[in-house]
Peer 1: 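My questions all concern the structure below.
Reminder, nothing fancy here: chain letters follow the sequence lines and each chain counts from 1. What's counted below: heavy atoms across the whole structure, side chains too, no hydrogens, waters or symmetry copies.
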There are 2 protein chains.
Amino acid sequence: MALKHAVLAALLDGEYSGYQLAKAFDIGVANFWHALPQQLYAELTRLEAEGLVAGRQVVQETRPNKRLFHVTDAGLAELERFAAGSAKPSFIRDDLLVKVQAVDRIDAGPVIEQLDERARIAAAKAEVLGKLLVRLRGDRDEADFLAHGTRIGPYLTCLRGLGFERETREWCERIADVLRARIAAPQRP
Amino acid sequence: MALKHAVLAALLDGEYSGYQLAKAFDIGVANFWHALPQQLYAELTRLEAEGLVAGRQVVQETRPNKRLFHVTDAGLAELERFAAGSAKPSFIRDDLLVKVQAVDRIDAGPVIEQLDERARIAAAKAEVLGKLLVRLRGDRDEADFLAHGTRIGPYLTCLRGLGFERETREWCERIADVLRARIAAPQRP
DNA sequence: TTCCCATACTCAAGAATCTGACTAATCATA
DNA sequence: TATGATTAGTCAGATTCTTGAGTATGGGAA
């Protein structure tokens, strides 16, 4: 039941429809979790049945109707309970890393291409996150915002996301260079 | 079918039993994937049935018998095919981040404790990885090893793991400090 | 000498996640 | 004026991952 708390945490910032939530979790603006739309709709249904979120129907003229959800008091209490419990460490699980692990026993060409591609994706995401940080803190500087802002949770997770994407980019670029150099130069072990 | 290729990649460095593999994937020495013993035994059985790995029985006196596995030519070809295909970007999925996302709507105390704890774990793992790097490159320096070493895959994924753990540690320490400062100082938004 | 830990594995059941297809309307673009 | 993208969801099925229990032996510590 991990997605459950991720959804509750995401809904703390206001009312969202399943569709909006799905975008945040799919594109990865929500830097603390990832999930597909189908999962989110199902989870929202369960959460509503448990009374942890409440939804209201919004009738729209030009678009299909939607349901906006918010966290109830019971939902906040559930989050509180969750936060007090212990968390297991998170693990890396990445196809690209598996390929790099095997890289000197297979053709390095496609792996290098994918490292370049991943570096580009990480750079783009880092930029998005950088802008999001500026938007979240408004006109204040970071230290002031973190010391006195009223809602810093999303900012803090965003900082983690930015660090992660930067690291990813640097690593990808460096490894791609190392592999290119090995192809260019003769191997004398 | 992602674990499949992770197991194949892990077995490239020699022969391992399910038990040894399980330790590497559980403790996280294998920095490119994580899995529980049950999964690994099941996966090895499947891989053997597909002819991608081959095992041999090793009879032991003082310990239960074990089966050591290695990758077959077909297994290497499968890895090759996997590496040539496209990889989806990896996403963060972490309970602790969910808690931080919610931190200013719930009691921050337990979250701070868990950040401290996670920082310690990350620091310890970073140290283990640092030592592993030294062991992997032997008496060479890094640049020389990466340019001319014969088996650099594990070293490269280890570098990623080290970067990740360092980032994790820095972020956890910083966030814990921010949250402590907010508890100590009055909130004037 | 009793108890726990490490080695080495197996089985079953359940929860979580992913893949892929479907409905149905409006809006922008070529 | 087709075509595709966007909004807003639903359903079924497969795969993957996690939880929990169980088997069996030997070694070391209390």
Peer 1: Would the base of dG13(D) count as contacting Q38(A) through its side chain, where contact means a donor and an acceptor less than 3.5 Å apart?
Peer 2: no
Peer 1: Which residues, ordered by chain and number, are linked to Y41(A) in its hydrophobic cluster, where ILVMFWY side chains connect at heavy-atom gaps below 4.5 Å, directly or through other members?
Peer 2: Y19(A)
Peer 1: Please tell me which of the listed nucleotides, dG26(D), dT17(C), dC17(D), lies nearest to the side chain of W33(A)?
Peer 2: dT17(C)
Peer 1: In whole Å, I'd like the distance from the CD atom of Q39(A) to the P atom of dT16(D).
Peer 2: 15 Å
Peer 1: Would you give the length of the straight line joining atom CG of L132(B) to atom CG of N31(B), rounded to the nearest 0.5 angstrom?
Peer 2: 7.5 Å
Peer 1: Atom CG of L40(A) and atom P of dT10(D): how far apart are they, to the nearest Å?
Peer 2: 12 Å
Peer 1: Please give, in whole Å, the distance from dA12(C) P to L36(B) CG?
Peer 2: 19 Å
Peer 1: Within the structure shown, what part of the strands sits under 4.0 Å from R93(A) by heavy-atom distance: base, sugar-phosphate, or nothing?
Peer 2: sugar-phosphate
Peer 1: I want to verify a distance call: between dT7(C), dC17(D), dT19(D), whose nearest atom is closest to the Y19(B) side chain?
Peer 2: dT7(C)
Peer 1: For the CG atom on D139(B), are there more than 12 heavy atoms of other groups (residues, nucleotides or ligands in this structure) within a distance under 6.0 Å?
Peer 2: no
Peer 1: What nucleotide among dC18(C), dC17(D), dT7(C) has an atom nearest to a side-chain atom of H34(A)?
Peer 2: dC18(C)
Peer 1: Let me check something: any side-chain donor-acceptor pairs from residues 85-93 of chain B under 3.5 Å, sequence neighbours excluded? List them with distances.
Peer 2:
residue, atom, partner, partner atom, Å
S90(B), OG, D94(A), OD2, 3.3
R93(B), NE, H34(A), O, 3.3
R93(B), NH2, H34(A), O, 2.7

Peer 1: May I have the distance from Q20(B) (atom CD) to dA6(C) (atom P), rounded to whole angstrom?
Peer 2: 16 Å
Peer 1: Identify which nucleotide among dT26(C), dA8(D), dC17(D) has an atom closest to any side-chain atom of T62(A), counting heavy atoms from C-beta outward.
Peer 2: dT26(C)
Peer 1: Regarding E167(B) and R166(A), does a basic nitrogen lie under 4.0 Å from an acidic carboxylate oxygen?
Peer 2: no
Peer 1: Does a side-chain N or O of Q60(B) approach OP1 or OP2 of dA8(C) to a distance below 4.0 Å, or not?
Peer 2: yes
Peer 1: Roughly, in whole Å, what's the span from CZ in F91(A) to P in dT18(D)?
Peer 2: 9 Å
Peer 1: Considering residues at least two apart in sequence or located in another chain, which fulfil the ring-ring contact (aromatic ring centres under 6.0 Å, His included) criterion with Y16(A)?
Peer 2: none
Peer 1: Separation of E43(A) atom CD from dA15(C) atom C1', in whole Å?
Peer 2: 11 Å
Peer 1: Which pairs count as ring pair (Phe, Tyr, Trp, His ring centres under 6.0 Å) when at least one residue sits in residues 116-146 of chain A, sequence neighbours excluded?
Peer 2: F145(A)-Y155(A)
Peer 1: What does K4(B) touch in the nucleic acid at a heavy-atom separation under 4.0 angstrom: a base, only the sugar-phosphate, or nothing?
Peer 2: nothing
Peer 1: dC17(D), dA8(C), dT19(C): which one has an atom nearest the side-chain heavy atoms of Y41(B)?
Peer 2: dA8(C)
Peer 1: Between P on dA8(D) and CG on L21(A), what's the gap in Å once rounded to a whole number?
Peer 2: 13 Å
Peer 1: Check each residue of residues 63-70 of chain B for a non-hydrogen atom within less than 4.0 Å of any atom in DNA chain C, then write out the ones that pass by number, or none.
Peer 2: R63(B), P64(B), N65(B), K66(B), R67(B)
Peer 1: Which nucleotide in the list dT7(D), dT18(D), dT10(D) gets nearest to the side chain of K23(A)?
Peer 2: dT7(D)
Peer 1: Using salt bridge (charged side-chain N to carboxylate O under 4.0 Å, His left out) as the criterion, list what pairs up with E15(A), not counting sequence neighbours.
Peer 2: R56(A)
Peer 1: Expressed in angstrom and rounded to an integer, what is the separation of D95(B) atom CG from dT18(D) atom C1'?
Peer 2: 13 Å
